[in-house]
Structures are given as structure tokens and as C-alpha cells.
Amino acid sequence: MSDNNGVRVRMAPSPTGSPHVGLVRTALYNWAFARHHGGTFVFRIEDTDAARNTEESYNSIIELMRWLGLDWDEGPEVGGPHAPYRQSERADLYADALARLRASSHTYECYCTTAEVDARRKASGSKVMGYDGFCRELTSEQVAAFEAEGRRPIVRFRMPEGTITWDDLVRGEISFETQFVPDYALCRANGEPLYTLVNPVDDALMEITHVLRGEDLLSSTPRQIALYDALIEIGLTDSTPRFGHLPYVMGEGNKKLSKRDPEAHALAYRDNGFLPEGLLNYLALLGWAIAADRDIFTLEEMVEAFDIGDVNPNPARFDMKKAEAINAAHMRLLSVEDITHRALPFLKADGVVGDPVHDSDAQLLELAMPLVAERINKLTEASAMLGFLFVAEEAFEVDAADAEKLLDEKGLDVVKAAHDALVDLHPWSTDAIQTALQGALVDGLGLKPRVAFGAVRVAVTGRRVSPPLFESMELLGRDRSLGRLQRALG
RNA sequence: GCCCCCGUCGUCUAGCGGCCUAGGACGUCGCCCUCUCACGGCGGUAACGCCGGUUCAAAUCCGGUCGGGGGUACCA
């Protein structure tokens, strides 16, 4: 056994396709559980199905975990006492475990084809699906006959009789009659081990004490517990972990969030301007609450408060609106410097600033970011808000729809008046600009502020939605501001 | 079909027998703030699936029922 109260949890994704937000939630709960108890968080890759696994998917998962900041104590890239942590590199261990299981007659060779099993079930009228145990007690003559036919056997686990019960960490006591849990396959006819074998064997070998996983694995738990009993018997481990089955993360309607749903892809949140702390906070809320009247918290606060016993067993619907609201709350917790730093990659990608950033742009950004930091809810929104400040004059464009709405004949009169009021203004400061425009347009022309400044805003920033107008004009400078007013007038 | 899980506002949840004429958040509606947007403030809207039982007392415990989900692979 290891230190830290012995708490050892793991997350064990299969690298197939792009990582799902459900995986993130599972990883988060495992991580928080480990950190709360001062235990060990193990990261293991379950890539036993060579036909479905991809290196690209594996890389995405690593990238995702790094972005989220969920660090692991043992696993790929960091190693550990139970290395390797990719199942594709642990074949010897499984072969050995399987050999010992076979030697202790916890298993048997099965020569049946799926079609034969189905046919027998139909004939018998049995209500239990799955394997019927036909090959449990084969005579050596029968075996010889099957071998002579060229059949290659798979290895099945022999389920014991009786009731299997466990105290689920999130659902309480659950029990299954083993008559409803058929003998299942541990490895393919070609010798490749299956999930049913490698998952418990690795959990045993890695001394996992608590298995927190999706509800979809709940019905496979009785056979894992039975296997564990066998593993204890052959001396491969000395105890069975505790299980906790986490509720589903669902999409629209009543179905599990599928890979087809765009909101299912975890890395897409990063690309769409989410903060890792925002996504994590939202996902934590899907099944757990830190307090009756609080939604916003940091990872540290979650670690402090997390109790697996408090996890709600109900499936939870993913709500993008709330996810964005939680993210927005975290944006407001960030300093302007931090937001600037995090928005920079998006500004570069959108061509708002160059890469590397010119000194003049960096300076302008430092002055402009305070104006937009509190009015964006995602990092991606920074580009549209700031673009007008950085764009070269010859490339500056006014949004056509906004122009049509606000730069009509009346709007252009306003722009003309604004230009006249500003052309000799000194100094070119926010206060002076505001005073001049207020005097000329609101007091002078008797316009409502939103009408007066709306037209000027579109002419100068190119959009109806922008940072505060007067500050923006100060940053833009006299020449560019007046030039754009002039240009709007044709 | 059979086995298992789940059931509080539209959504996420608090609630673990009396504090509940059920609290918070998102959404939504109205108002305020306001140069746009965002923020912020105030107020409204809206839920214990149903039926029995236990109890002085049930959203909370038990049974049934209905509804939803998952499993039933030589996938994980």
C-alpha cells in the first residue's frame, strides 16, 4: 500500500474520437476526490481495442487535461511505480493474470458462435440475454471435436451463484442476482484481452481504492466484483475497490450527450473562448453543489469541499446558457492583465494584432483592454470589440447592417456636426471629446444621447456595439477619428 | 422481454421527518442604471410525477404505479 490514507483513484479513458465533456466531469470528480483526501490521481489509457483507438485522440486527451489543469500523479508522460500506463503496453501483465485465472478454473474455453447462442436462447425461450453457459463443462471429446472443426476458443469468466451487493458511493446499496449476469468474455479468440479483464486487473495492480465512473458502467460492476474475488483468490490483489457511479451528462431531450452534438466536444470550449475554470466550475455543478446558495467557486474551494457522498445520482442536462454565464462570472474574477494574456492567442488568430505583437500594438492593447475586459463573456469576443482600434485605415470597414440603420440621412447630419465640433478640439482627451459632443449634439441639436452617439459610434468603430465611445476615440487618436467621420460623410 | 439505475421550478440544484406558505443559480418577463454592449441593482414567473401506507407531523421513510435512462457484445 502507498501513503496518503491509501486513497488512489484513476481516470481511464479510451482514446477514441474527440474527448467528451462527460469525460471531463468524470476526470474532475476523480481529481477533486483525490486532492481532497490527499490521495493519488492515476491517469491510465485504455487502448485495448486497436481497431478504434487513435494517436490523435490520445494526444487530444493529454492536451485537454493540460489545458484544464487537472494534473495527474501517475500516468502518461509523468510515469510512476506502475508504469506503463497505456494498456497497449501491458500485454504481458494481462497474459499472466489470465493464465493464473485459468489455472484456478475461474474461467473456461468457449467455442460457441454468436449465432449458436442466439439460436439456443430462442429455442429455450429464456428471458435472460447473453451467454447461456453451454461450454461450462465440456468433455475432452467435445473440445477435441471443436478443435478439429478449426474453432478457436475465447475465454469466459465463470460467474458464481448468488447475490452480488455493493454500497455505491453515490447511490447506496445495489445488488444483482448473478443468474442475470451471464458468463462473459475475458479475451478474444485471437488472444487479445478485453476491457472486462484489463480494467479490473489494472485497477488491482495499480491499487485503486475508489472507482468513480459513469453510470453506463453500473451494470458491469457485478461481474467486476466477481472477477475481483477471483483476483484476490489467486493473490493478485487483496481487496476490492469501492465503486461510485456518476450520473450522465445529457444533451437535448432525454439522450446522453452524443459525439454528434457540438457541445459534447471538450476542446471546443477552449477554442470557443471558455476559461478552463469556467468550464470546470459549470461541469462540477452537474451533479454536485458546493452550498445551497452558491454557484461560483475556484478549484481550490471545490477540493476543500468535495464529498463524493454529496453527488446527486440524477442525470443532468447540459445547458450552454448557464455554462456561458458561469464562464462569464470567472472572466470577471480575472485581472485585466490576465484577461489580456489569455485573449492574446485569439487576437493573433483573428489577425487583430500581429505575431509577434508590435510594441505599439502591445501598448495600445494595454490601454484598451480595461475598456472591454468587463464587457465580454468569452475570450473570443475580444477581437470584435477591439478590431477597430488596430485595423489599418485603408482596411477599416463599417458594418453594413449597422450603417444602414444608423448612418441614414439624419445620422450623417449628426456625424457632420460631430466632425465640426471636434476638428479644432484641444486637448484630444476623453473628457474634452465628451464635453464637445455633448454640447454640439445633445444640447445643440437637441438629440437624445443614444441617437447622437449611436451614429458617431458606427462611423468611428464600425459597429453599433463597441467599447465606450469617448475613450475609444481618445485611443484612436485625432487623425484617425476625424478621418473616419469624414469618410462616413463620403 | 429481462436486469439495474433515476424522478424537486423550462434547466442545474438546496432539502437527508417539524426551520418549507420549498431556498439559490441560469433562463425568461418587467423596472432601474446607462453613449451602444456588457456589468450591476430591484421585482415577478415557475417545481416536490401519481396513488397508497408509516407518523402527532413527509418533498424527506416504505410499497406500488407511471415516466425516463442504461445494460443485455469476441465495444468501452
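Throughout, a chain's letter reflects where its sequence line sits, starting with A, and its residues are numbered from 1. Side-chain atoms are counted along with the backbone in the values below, which use heavy atoms only and exclude waters and symmetry mates.
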Discussion item. Using a distance-only criterion (donor-acceptor N/O pair, under 3.5 Å, no hydrogens), is the base of B/C37 paired with the side chain of A/R375?
Written reply: yes
Worksheet, complete the sentence: Scanning all shown strands, the Watson-Crick or wobble mate of B/U55 with both distances under 3.5 Å is none
Worksheet, complete the sentence: Comparing nearest nucleotides in RNA chain B, the 5'-proximal residue of the pair A/A12, A/P313 is A/P313
Item to complete: Between B/G17 and B/A73, how far apart are the P atoms? Round to whole Å, please.
Response: 41 Å
Item to complete: Whole angstrom is fine here: how far is it from CE in A/M320 over to C1' in B/U11?
Response: 14 Å
Worksheet item: Base, sugar-phosphate, or nothing: which does A/T114 touch, judged by heavy atoms less than 4.0 Å apart?
Response: nothing
Worksheet item: Could you walk me through whether A/R120 and A/D132 pass the salt bridge (Lys or Arg N to Asp or Glu O under 4.0 Å) check?
Response: CA-CA 8 Å; A/R120 284 200 300 270; A/D132 59 359; 2.6 Å; yes
Fill in: Among B/U36, B/C74, B/G71, the one nearest A/A189 by side-chain distance
B/C74
Fill in: Selected nucleotide, minimal atom distance to A/I154 side chain, candidates B/C75, B/A38, B/C74
B/C74
Item to complete: Could you check whether A/Y195 gets within reach of a base, just the sugar-phosphate, or nothing at all, counting any heavy atom under 4.0 Å?
Response: base
Worksheet item: Should A/R188 be listed as having a side-chain N or O under 4.0 Å from OP1 or OP2 of B/C75?
Response: yes
Practice prompt. In whole angstrom, give me the gap between the P atoms of B/U8 and B/G68.
Written response: 15 Å
Worksheet item: If we take the C1' atom in both B/C2 and B/C62, what is their distance in whole Å?
Response: 25 Å
Discussion item. In whole Å, measure the gap between the C1' atoms of B/C66 and B/C26 for me.
Written reply: 30 Å
Fill in: B/A76 phosphate, OP1 or OP2, under 4.0 Å from A/T16 side-chain N/O
no
Discussion item. By nearest atom, which of the nucleotides B/G70, B/C74, B/C35 is closest to the A/R156 side chain?
Written reply: B/C74
Worksheet item: Strictly under 6.0 Å, is that where the ring centroids of A/F134 and A/Y111 end up?
Response: no
Item to complete: Round to the nearest Å and state the distance from A/R52 atom CZ to B/A76 atom C1'.
Response: 6 Å
Worksheet entry | B/U60 and B/G23, which share atom name C1', separated by this distance in whole Å | 15 Å
Discussion item. Counting only Watson-Crick pairs (N1-N3 plus N6-O4 or O6-N4) and G-U wobbles (N1-O2, O6-N3), all under 3.5 Å, who is the partner of B/C9?
Written reply: none
Discussion item. Of the listed nucleotides (B/C4, B/U36, B/C37), which one gets closest to any side-chain atom of A/P468?
Written reply: B/U36
Fill in: Between B/C37 and B/G69 - P atom distance, rounded Å
42 Å
Worksheet item: For the side chain of A/F180, counting heavy atoms from C-beta on, which of B/A76, B/C2, B/C74 is nearest?
Response: B/C2
Worksheet item: What does A/S466 touch in the nucleic acid at a heavy-atom separation under 4.0 angstrom: a base, only the sugar-phosphate, or nothing?
Response: base
Practice prompt. With heavy atoms under 4.0 Å as the rule, sort A/R171 into base, sugar-phosphate or nothing.
Written response: sugar-phosphate
Discussion item. In whole Å, I'd like the distance from the CZ atom of A/F243 to the P atom of B/C5.
Written reply: 16 Å
Worksheet item: Is the NZ or CZ atom of A/R156 positioned over A/Y131's six-membered ring, under 6.0 angstrom from the centre and within 45° of the axis?
Response: yes
Practice prompt. Select base, sugar-phosphate, or nothing to describe what A/E374 touches, counting heavy atoms under 4.0 Å on all strands.
Written response: base
Item to complete: Please work out if A/Y248 contacts a base, only the sugar-phosphate, or nothing of the nucleic acid, heavy-atom cut-off 4.0 Å.
Response: sugar-phosphate
Fill in: Euclidean distance, atom CG of residue A/L469 to atom P of B/U36 [Å, nearest integer]
11 Å
For nucleotides 24-28 of chain B, tabulate all protein N/O to nucleotide N/O atom pairs closer than 3.5 Å, reporting atom names and distance.
| unit_1 | atom_1 | unit_2 | atom_2 | d |
| --- | --- | --- | --- | --- |
| B/A25 | O4' | A/D295 | OD2 | 3.3 |
| B/A25 | O2' | A/D295 | OD2 | 2.6 |
| B/A25 | N3 | A/K322 | NZ | 2.9 |
| B/C26 | O2' | A/K322 | N | 3.3 |

Worksheet, complete the sentence: Rounded to whole Å, CZ of A/R317 lies from P of B/C9 at a distance of 10 Å
Discussion item. With a 3.5 Å limit on both atom pairs, tell me what B/U72 is paired to, counting Watson-Crick and G-U wobble, or say none.
Written reply: B/G1
Worksheet entry | Listed partners of A/T435 passing side-chain contact (heavy atoms from CB on, under 4.5 Å), at least two apart | none
Item to complete: Assign A/A185 to base, sugar-phosphate, or nothing according to its heavy-atom contacts below 4.0 angstrom with the strands shown.
Response: sugar-phosphate
Worksheet entry | Watson-Crick or G-U wobble partner of B/C33, both distances under 3.5 Å | none
Worksheet item: Take atom CD in A/E397; do more than 12 heavy atoms of anything else shown fall under 6.0 Å from it?
Response: no
Practice prompt. Counting heavy atoms from C-beta on, name the nucleotide in B/C4, B/C12, B/C35 closest to the side chain of A/L218.
Written response: B/C4
Worksheet item: Can the positive tip of A/R86 be found less than 6.0 Å from the middle of the six-membered ring of A/Y58, inside 45° of the ring normal?
Response: yes
Item to complete: Specify the separation, in whole Å, of atom CG of A/N314 and atom P of B/U11.
Response: 12 Å
Worksheet item: Base, sugar-phosphate alone, or nothing: which one does A/G454 contact when heavy atoms must sit under 4.0 Å apart?
Response: nothing
Worksheet item: With a 4.0 Å cut-off on heavy atoms, is A/L194 in touch with a base, just the backbone sugar-phosphate, or nothing at all?
Response: sugar-phosphate
Practice prompt. Say whether A/T16 and A/R52, considering side chains only, have a donor N or O and an acceptor N or O under 3.5 Å apart.
Written response: no
Worksheet entry | Donor-acceptor pair between A/N327 and A/Y269 side chains, under 3.5 angstrom | no
Worksheet entry | Distance, C1' atom - from B/G43 to B/C48, rounded to whole angstrom | 25 Å
Response to the item:
A/Y248 meets the ring-ring contact (aromatic ring centres under 6.0 Å, His included) criterion, sequence neighbours left out, with none
Worksheet item: With a 3.5 Å cut-off and just heavy-atom distances, do the side chain of A/R457 and the base of B/C35 make a donor-acceptor pair?
Response: yes
Discussion item. Side chain of A/P315, heavy atoms from C-beta onward: which of B/C5, B/C6, B/U13 has the nearest atom to it?
Written reply: B/C6
Worksheet item: More 5' along RNA chain B: A/E177 or A/T113, using each one's nearest nucleotide?
Response: A/E177
Worksheet entry | Touch class at under 4.0 angstrom, heavy-atom based, for A/L217 against every strand present | base
Practice prompt. Tell me what A/S175 touches on the nucleic acid: a base, only sugar-phosphate, or nothing, going by heavy atoms under 4.0 Å.
Written response: sugar-phosphate
Practice prompt. State, without any angle test, whether A/Y85 and A/D202 hold a side-chain donor-acceptor pair at a distance under 3.5 Å.
Written response: no
Practice prompt. Please check if the side chain of A/T178 supplies one atom and the backbone of A/P160 the other of a donor-acceptor pair under 3.5 Å.
Written response: yes
Worksheet item: Is it true that the NZ or CZ of A/R484 lies under 6.0 Å from the centre of A/F396's six-membered ring and within 45 degrees of the ring axis?
Response: yes
Discussion item. If I pick the P atom on B/C5 and the same atom on B/G41, what distance separates them, to the nearest angstrom?
Written reply: 44 Å
Practice prompt. Would you mind classifying the nucleic acid contact of A/N312 as base, sugar-phosphate or nothing, using non-hydrogen atoms under 4.0 angstrom?
Written response: sugar-phosphate
Response to the item:
A/Y111 atom OH is separated from B/C74 atom P, nearest whole Å, by 17 Å
Worksheet item: Base, sugar-phosphate, or nothing: which does A/R223 touch, judged by heavy atoms less than 4.0 Å apart?
Response: base
Worksheet item: So what does A/Q87 hit on the nucleic acid, given a heavy-atom distance under 4.0 Å: a base, only sugar-phosphate, or nothing?
Response: nothing
Response to the item:
In whole angstroms, the gap separating C1' of B/C4 from CD of A/Q179 amounts to 14 Å
